[in-house]
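Please read the structure below before turning to the comments.
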Amino acid sequence: MPSRPDLSSVIRPETGQNEKSPHSGFVALVGLPNSGKSTLINALIGEKIAAISPVAQTTRTLIQGILTEPRGQIVFYDTPGFHRLSHAFNHLMGTLAKEALLTADVVVWVVSLDPLPGPDDVEKMRQILLATLGNKPLVIAATKMDRPKSQGMIPRLLEIEKWGFPGEIVPVSGLKTRNLDRFVDLIFDLLPAGDPVFDSDWYTNQTVRQLAREFIQEKIFLQLREEVPHQSAVLIEEFEEAASPGDLTRITGSIFVERLSQKGILIGQGGERIREISQAARLDIEKLVGGKVFLRLDVRVSEGWRENPGKLRELGYIPEG
């Protein structure tokens with residue numbers, strides 16, 4: 001389980017509740033790539049804490065989103081999607097997702113209604129859940145119920161029911177925030193009795209620095225939807241918070257790619273693409289910190305970084321020690 005964050009570095013909203021909760025626990029959101037896990041957790045928490053794009057592997061770390069109400073506290077794990085394990089980096093992401101399954105009190109399998117996963121993917125998830133679920137309660141969150149093609153939602157829910165997994169099936173839409181109350185009610189009912197793990201005014205375990213990296217990585221995936229995003233990684237090298245209101249937050253980061261040709265694609269003609277990525281990420285970070293941000297991004301080549309434990313550790317994907 002991820003360690004508790006330092007109070008000074010955790011994002012705090014302006015308001016929060018301080019009541020003890022009768023039910024608290026950890027809930028792992030797991031599933032296939034592009035099933036809607038990150039959109040769902042952002043909607044549940046009411047803040048942007050996870051990057052969203054139509055490209056697989058956008059979520060690369062184990063992100064915690066914290067929902068506290070008078071009745072209790074839910075700590076959601078947003079996990080990397082289970083996918084083909086062709087690199088050490090991919091194995092690492094798969095391990096993170098399985099660790100979340102093992103440490104969670106409740107497991108939520110996030111299933112896209114549009115399109116439904118095929119038989120091979122359903123069987124893959126069956127094997128993963130059989131190996132890790134144990135006696136934990138399972139909920140199937142059927143996402144994307146707002147999609148036009150999902151107007152035949154009932155037949156699709158019946159198809160999911162035929163798969164024979166235990167637990168209730170709840171259709172939801174993170175994008176349109178539909179049926180989330182019912183989903184949260186069910187989770188609270190399944191959680192064990194206990195006090196909150198985190199202060200009631202926390203909504204994520206991520207630091208501002210980590211969220212800045214998340215936002216930059218998201219913009220890379222949105223700009224370049226093919227092979228280059230998967231072979232890129234962001235490192236925040238300098239992060240200087242604004243000393244007082246009106247001052248700039250200054251951030252310097254590097255984007256690592258595996259080949260020189262990818263560097264050229266990421267920079268773009270005359271530096272246009274990297275400027276667009278930087279500007280889009282800066283706007284998100286300014287909303288986060290509530291002030292102006294200076295963001296500088298360099299692009300560097302690090303051949304084979306996805307297979308290099310030292311580089312994965314430097315990038316923050318492998319913990320120190």
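Of all non-hydrogen atoms in T79 and L29, the two that sit nearest each other are OG1-O, 2.7 Å. Listed here is the closest heavy atom pair of P117 and L32: CB-CD1, 3.6 Å. Across all their heavy atoms, L67 and L44 have their closest contact at CD1-O, 3.9 Å. Nearest heavy atoms, S112 versus K144: OG-CD, 3.4 Å. Contact record, I41 with A50: CG2-CB, 4.1 Å, taken as the closest heavy-atom pair. Scanning both residues, I45 and Y203, for their nearest heavy atoms gives CG2-O, 3.6 Å.
Taking hydrophobic clusters as Ile, Leu, Val, Met, Phe, Trp and Tyr residues chained together by side-chain heavy-atom distances below 4.5 Å, L180 does not share a cluster with L175. L102 and W109 are not part of a single hydrophobic cluster, where members link through side-chain heavy atoms under 4.5 Å apart.
We find that E314 and K311 are joined by a salt bridge, their nearest charged nitrogen and carboxylate oxygen being less than 4.0 Å apart. Classification of D284 and K48 as a salt-bridged pair holds, one side-chain N sitting under 4.0 Å from a carboxylate O. For R250 and E238, the salt-bridge test fails: no basic side-chain N is under 4.0 Å from an acidic carboxylate O.
Between T252 and E240, the side chains place no donor N or O within less than 3.5 Å of an acceptor N or O (distance only, hydrogens not considered). The closest side-chain donor-acceptor pair between Q262 and Q231 falls under 3.5 angstrom. In the model, Q127 has a side-chain atom that pairs as donor or acceptor with a side-chain atom of E123 under 3.5 Å.
Aromatic ring orientation, F26 versus F198: perpendicular (interplanar angle above 60°, classes split at 30° and 60°).
Distance check, rounded to the nearest 0.5 Å: OH of Y77 to OG1 of T103 gives 3.5 Å.
Within the 4.5 Å cutoff, side-chain heavy atoms of I160 are placed close to those of V111. Within the 4.5 Å cutoff, the side chain of E286 has heavy atoms near those of the L283 side chain.
Of the options I267, I265, I220, V299, a side-chain contact (heavy atoms from CB on, under 4.5 Å) to R273 is made by I265 and by none of the others. Here the options are R300, R296, R213, the test is salt bridge (Lys or Arg N to Asp or Glu O under 4.0 Å), and the partner is E237; only R300 passes. Tested against P137 for a side-chain contact (heavy atoms from CB on, under 4.5 Å), the candidates L186, D189, V107, V106 yield a single pass: V106.
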